[in-house]
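Treat the numbers as computed from the prediction; the structure is a model and nothing was measured. Letters go in sequence order (proteins before strands), and every chain restarts at 1.
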2 protein chains.
Amino acid sequence: MPNSKLYKGSLTTIILKLLSEQEKMYGYEITQKVKELTKGELNITEGALYPSLHKLEANGLLEVEVVKVDNRLRKYYKLTNNGTKETVNKLEELQSYLKTMQSLIGKLA
Amino acid sequence: MPNSKLYKGSLTTIILKLLSEQEKMYGYEITQKVKELTKGELNITEGALYPSLHKLEANGLLEVEVVKVDNRLRKYYKLTNNGTKETVNKLEELQSYLKTMQSLIGKLA
DNA sequence: AATTAATACCTAAAATCCTTAGGTATAGTA
DNA sequence: TACTATACCTAAGGATTTTAGGTATTAATT
């Protein structure tokens with residue numbers, strides 16, 4: 001009934017993919033976007049998201065811009081050049097994994 | 001160029017799926033079968049496999065039969081009734097996840 | 001003959017990534 | 001006034017995997 005759990009290791013790729021399509025996004029926006037795109041199937045928890053964003057920033061894949069909107073802070077993240085490169089790698093890796101798993105699991109007995 | 005890492009949470013489902021197709025298998029055989037089926041894309045490490053098998057057994061999803069072949073031990077695992085039920089659930093869960101991820105990641109920007 | 005690779009099992013420490021469960025603060029709605 | 005939504009955050013714990021060993025037998029290679 002609830003939403004499927006994240007298979008560990010996929011969150012980073014999801015974040016990078018979204019930012020490759022949208023130029024800049026803030027954390028809360030990412031959680032909502034994923035919920036929307038997956039029709040509630042996948043819920044990114046903030047406890048996973050924020051540390052992940054911080055790590056991507058620390059590794060130089062994302063850069064931050066803090067903006068005040070309606071007296072509330074928003075931290076917009078966008079891909080750096082390295083981030084864009086890594087996105088390609090991570091996407092290929094995950095694609096290949098999904099394909100492999102489909103061929104392993106997908107065909108019915 | 002090596003093999004893609006396991007996304008955490010998928011190993012159990014892989015084991016159950018293989019055993020739903022093959023009646024009984026032993027650990028080493030599972031690692032070889034996965035390597036073969038995925039053309040080397042996915043390598044199950046023994047450090048992950050054996051603890052996982054033991055846990056599935058402890059949880060009553062698998063049962064063991066020890067056989068001596070060529071003076072070497074083999075521990076054959078097969079699904080219990082509960083194991084068969086769980087296999088269905090796990091497969092549905094993973095299928096749904098793969099589908100969701102495909103729709104998130106799969107479509108090109 | 002001796003070493004290496006393959007078969008077959010195992011475990012423990014460390015790393016990784018996520019969930020759970022909090023906390024702060026503002027703004028809008030019941 | 002209380003709850004919901006927006007928006008950020010962290011820390012403890014759990015689950016799962018990687019890494020790096022270990023034992024033992026048999027087959028292949030040097």
Taking the side chain of [X] as heavy atoms from C-beta outward, which of [options] is closest to it?
X	options	answer
B:Thr45	D:dT18, C:dA8, C:dC10	D:dT18
A:Tyr28	D:dT6, C:dC9, C:dC18	D:dT6
B:Leu11	C:dA8, D:dT17, D:dC8	D:dT17

Determine the contact category for [X]: base if any of its heavy atoms lies under 4.0 Å from a base atom, sugar-phosphate if only primed atoms, P, OP1 or OP2 are that close, otherwise nothing.
X	answer
B:Lys55	sugar-phosphate
A:Glu46	base
A:Arg74	sugar-phosphate
B:Ser10	sugar-phosphate

Quiz item: Does OP1 or OP2 of C:dT11 have a side-chain N or O of B:His54 closer than 4.0 Å?
Solution: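 So the side chain of B:His54 is within the cut-off, an N or O lying under 4.0 Å from OP1 or OP2 of C:dT11.
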Quiz item: Within the structure, does a side-chain N or O atom of A:Asn71 lie under 4.0 Å from either OP1 or OP2 of C:dA27?
Solution: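 Checking C:dA27 against A:Asn71, a side-chain N or O does come within under 4.0 Å of OP1 or OP2.
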Exercise. Starting from P on D:dT26, measure out to CG on B:Leu73 and report it in whole angstrom.
Key: 11 Å
Practice problem: Would you confirm whether the ring centroid of B:Tyr97 sits within less than 6.0 angstrom of the ring centroid of A:Tyr7? | Solution: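 Between B:Tyr97 and A:Tyr7, which both carry aromatic rings, the centre distance is below 6.0 Å.
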Self-check item: Whether A:Thr100 side chain and B:Thr38 backbone form a donor-acceptor pair below 3.5 Å
Solution: no
Quiz item: Closer to the 5' end of DNA chain D via nearest nucleotide, is it A:Lys8 or A:Leu53?
Solution: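 Closer to the 5' end of DNA chain D: A:Leu53.
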